[in-house]
Number of protein chains: 2
Amino acid sequence: MSWNLDSDRPIFLQIVERIESDIVSGKYLPGDKLPSVRELAVEAAVNPNTMQKACTELERIGLVYSQRTNGRFVTEDKKQIDRIRKEMAKRTAQEYLRKMKEMGIDRDEAMRLL
Amino acid sequence: MSWNLDSDRPIFLQIVERIESDIVSGKYLPGDKLPSVRELAVEAAVNPNTMQKACTELERIGLVYSQRTNGRFVTEDKKQIDRIRKEMAKRTAQEYLRKMKEMGIDRDEAMRLL
DNA sequence: ATTACTGTACTATCCAAATAGTACAGCGCG
DNA sequence: CGCGCTGTACTATTTGGATAGTACAGTAAT
């Protein structure tokens with residue numbers, strides 16, 4: 001699975017969102033160990049520093065935690081995961097309607113376009 | 001009307017999209033004169049250079065043209081405007097579905113969330 | 001103990017975006 | 001003419017993201 005990173009937005013943010021999605025969609029399960037920073041960096045073809053920045057952010061959000069010398073793991077707090085899943089979905093939907101409205105397209109038409 | 005620019009993406013790109021929307025939504029009509037670069041820059045609270053970069057891009061796209069010492073005007077080519085309108089809407093809808101799919105949300109649920 | 005892996009913490013460098021400031025050419029109007 | 005507006009074209013500087021490279025501490029397996 002390719003990472004499809006574009007240059008219009010900070011790469012580390014795109015990575016954060018990508019891994020967020022992988023967690024809320026269940027691709028990574030609560031308690032799962034993530035690949036190491038270095039592994040992920042190779043996979044995504046970015047600098048390890050960039051990947052670590054993304055991981056630090058995921059930690060701040062509360063989706064992962066790290067064991068200093070052992071690795072990084074998905075939180076076991078399923079409520080937290082579900083909360084973020086709902087929040088992401090809501091924000092994405094609102095953003096979609098906002099853009100469409102800006103183009104002069106109402107909700108009905110926005111739904112029809114899907 | 002505020003410009004709502006965020007710092008997560010290049011400002012000039014956000015401006016381009018904003019003015020694109022204003023044109024395809026009919027807020028600016030074909031042949032309308034745009035405010036000057038300097039005026040727009042003040043309005044959006046950005047540097048004139050940034051605004052000019054955005055305007056140059058709009059010109060490249062074919063939505064506006066400039067009269068060197070007179071001002072900048074919306075194209076009178078309504079077909080071009082409509083073409084871009086359809087293209088923007090399509091791209092936005094696809095992007096929405098892509099994000100939702102990444103979160104593990106299918107089309108039906110994505111529609112329901114609107 | 002050695003080896004290999006983990007996260008983490010630095011410094012240095014590069015590049016694009018954004019800013020600040022200045023300047024010039026042409027049009028229109030009083 | 002002179003004034004003010006227009007787009008346009010520069011230079012210089014700053015800032016944040018990304019890169020490259022190195023280093024250290026702690027765990028686990030051999």
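Convention: sequence-line order gives letters A, B, ...; per-chain numbering from 1.
- No more than 12 heavy atoms of other residues, nucleotides or ligands lie within 6.0 Å of CZ in Arg107(B), so this atom counts as exposed by the packing criterion.
- A close approach under 4.0 Å does occur between a side-chain nitrogen or oxygen of Thr50(B) and OP1 or OP2 of dT19(C).
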Could you list, one pair per line, each protein nitrogen or oxygen that sits under 3.5 Å from a nitrogen or oxygen of nucleotides 14-17 of chain D, together with the distance?
unit_1: dG17(D); atom_1: OP2; unit_2: Lys53(A); atom_2: NZ; d: 3.4

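- One atom, CZ of Phe73(B), and another, P of dC5(D), lie 17 Å apart when rounded to the nearest Å.
- In this view, Arg38(B) satisfies the salt bridge (charged side-chain N to carboxylate O under 4.0 Å, His left out) rule with no residue, not counting sequence neighbours.
- Side-chain contact, Arg83(B) with Gln80(B): a donor N or O sits under 3.5 Å from an acceptor N or O.
- No chain of hydrophobic side-chain contacts below 4.5 Å, direct or via other Ile, Leu, Val, Met, Phe, Trp or Tyr residues, connects Ile105(B) to Leu29(A).
- For the residue pair Glu59(B)/Ser66(B), the side-chain donor-acceptor check at 3.5 Å is satisfied.
- Residues Ile23(B) and Phe12(B) are members of separate hydrophobic clusters, defined by side-chain heavy-atom contacts under 4.5 angstrom among Ile, Leu, Val, Met, Phe, Trp and Tyr.
- In this structure, Asn47(B) places its CG atom 13 Å from P of dT22(C), rounding to the nearest Å.
- Counting only distance, with no hydrogens or angles, the side chain of Arg72(B) and the backbone of Val37(B) share no donor-acceptor pair below 3.5 Å.
- Salt bridge present: Arg98(B) and Glu102(B) bring a charged side-chain N and a carboxylate O closer than 4.0 Å.
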### Task
Determine, for nucleotides 6-15 of chain C in 5'-to-3' order, which nucleotides have protein heavy atoms under 4.0 Å from the base (write B), from only the sugar-phosphate (write S), or from neither (write -).
BBB-B-----
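- Rounded to whole angstrom, the span from the CG atom of Leu5(B) across to the C1' atom of dT19(C) amounts to 15 Å.
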